[in-house]
Visitor: 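Questions regarding the structure given below will be posed in turn.
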Amino acid sequence: MHTTQHFQQAPALPNFFTVTSSAFSLGPRGFRFAGWELRLRSRRLISPEGKEVSLTKTECTLLQVLLHRPRQIMSREQIMDMAQTETSVFDRAVDVQMLRLRRKVETAGNAPALLKTKRGAGYFLDADVQVLN
């Protein structure tokens with residue numbers, strides 16, 4: 001006995017090789033703010049005077065978080081969430097990293113011009129930011 005089977009055609013799957021180039025984008029090359037330039041691939045911060053400032057991975061991540069939301073106050077918890085740090089990290093570690101980053105970025109020691117603190121609320125970057133693609 002011969003039976004005819006009817007196969008339902010499977011829905012078309014996207015072809016792997018036709019994926020748009022944006023799927024392979026590595027994101028921005030960096031950022032410009034207040035005369036500074038952050039180069040993400042090398043984790044180098046270039047001062048307005050053209051001097052290279054080396055950043056640790058954590059400092060670079062913290063700066064990126066602030067650059068993604070300029071002039072928006074973010075709590076320690078929000079910063080840790082955006083930086084995708086482990087929840088077991090003590091939130092005061094953000095304070096220490098901010099202090100280290102300020103030492104590298106700020107020219108005036110007592111009154112930060114770029115990396116500011118809103119007492120009881122959090123931190124923010126007080127500058128316009130340009131994304132470098």
Visitor: If the condition is salt bridge (Lys or Arg N to Asp or Glu O under 4.0 Å), which residues does Lys104 pass it with, not counting sequence neighbours?
Guide: Glu59
Visitor: Quick one: CG on Leu66 to OG1 on Thr61, what's the gap to the nearest 0.5 Å?
Guide: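 The OG1 atom of Thr61 is 11.0 Å from CG of Leu66, to the nearest 0.5 Å.
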Visitor: Nearest 0.5 Å, please: how far is CD in Glu106 from CG in Leu115?
Guide: 5.0 Å
Visitor: Sequence neighbours excluded, which residues qualify as side-chain contact (heavy atoms from CB on, under 4.5 Å) partners of Gln72?
Guide: Arg69
Visitor: With sequence neighbours left out, what residues match Arg32 under salt bridge (Lys or Arg N to Asp or Glu O under 4.0 Å)?
Guide: Glu37
Visitor: For Ser47, what residues pass the side-chain hydrogen bond (donor to acceptor under 3.5 Å, both in side chains) criterion, not counting sequence neighbours?
Guide: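 If we apply the side-chain hydrogen bond (donor to acceptor under 3.5 Å, both in side chains) test to Ser47, skipping adjacent residues, the hits are Glu49.
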Visitor: Sorted by first residue and then second, give each ring-ring contact (aromatic ring centres under 6.0 Å, His included) pair with at least one member in residues 37-74; sequence neighbours left out.
Guide: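 The answer is Phe31-His68.
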Visitor: Quick check for you: to the nearest 0.5 Å, what is the distance between Cys60 atom SG and Arg39 atom CZ?
Guide: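 CZ of Arg39 is found 12.5 Å from SG of Cys60.
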Visitor: Any salt bridge (charged side-chain N to carboxylate O under 4.0 Å, His left out) pairs touching residues 111-120, not counting sequence neighbours?
Guide: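 Output for this query lists Lys116-Asp126.
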Visitor: Out of curiosity, does Val131 fall in the hydrophobic cluster containing Leu55 (side-chain heavy atoms, cut-off under 4.5 Å, transitive links)?
Guide: yes
Visitor: Does Gln78 reach the side chain of Val94, with side-chain heavy atoms less than 4.5 Å apart?
Guide: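 Sidechains of Val94 and Gln78: no contact.
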Visitor: Out of Leu67, Leu132, Asn133, Leu38, which residue meets the side-chain contact (heavy atoms from CB on, under 4.5 Å) rule with Pro28?
Guide: Asn133
Visitor: To check you understand the geometry: which heavy-atom pair defines the closest contact between Ala34 and Ala127, and what is its length?
Guide: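 Between these two residues, the closest heavy atoms are CB-CB, 4.2 Å.
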Visitor: Who passes side-chain hydrogen bond (donor to acceptor under 3.5 Å, both in side chains) against Asp128, sequence neighbours left out?
Guide: Arg71
Visitor: Hey, what do you get for CD1 (Ile73) to CG (Leu125), rounding to the nearest 0.5 Å?
Guide: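 Rounded to the nearest 0.5 Å, the CD1-CG separation comes out at 12.5 Å.
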Visitor: Does Glu52 have any side-chain hydrogen bond (donor to acceptor under 3.5 Å, both in side chains) partners at least two apart in sequence or in another chain, and if so, which?
Guide: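 Partners of Glu52 under the side-chain hydrogen bond (donor to acceptor under 3.5 Å, both in side chains) test: Arg44.
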Visitor: Which pairs pass ring-ring contact (aromatic ring centres under 6.0 Å, His included) with one or both residues in residues 112-133, sequence neighbours excluded?
Guide: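 ring-ring contact (aromatic ring centres under 6.0 Å, His included) check on residues 112-133 returns no pairs.
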Visitor: In this structure, would Val96 and Met74 fall into the same cluster of hydrophobic residues linked by side-chain contacts under 4.5 Å?
Guide: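 Each belongs to a different hydrophobic cluster.
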Visitor: If the test is side-chain contact (heavy atoms from CB on, under 4.5 Å), which one of Leu63, Ile79, Leu62 qualifies with Gln97?
Guide: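 That would be Leu62.
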Visitor: Would Ile46 and Trp36 show up in the same hydrophobic cluster when neighbours are defined by side-chain heavy atoms closer than 4.5 Å?
Guide: no
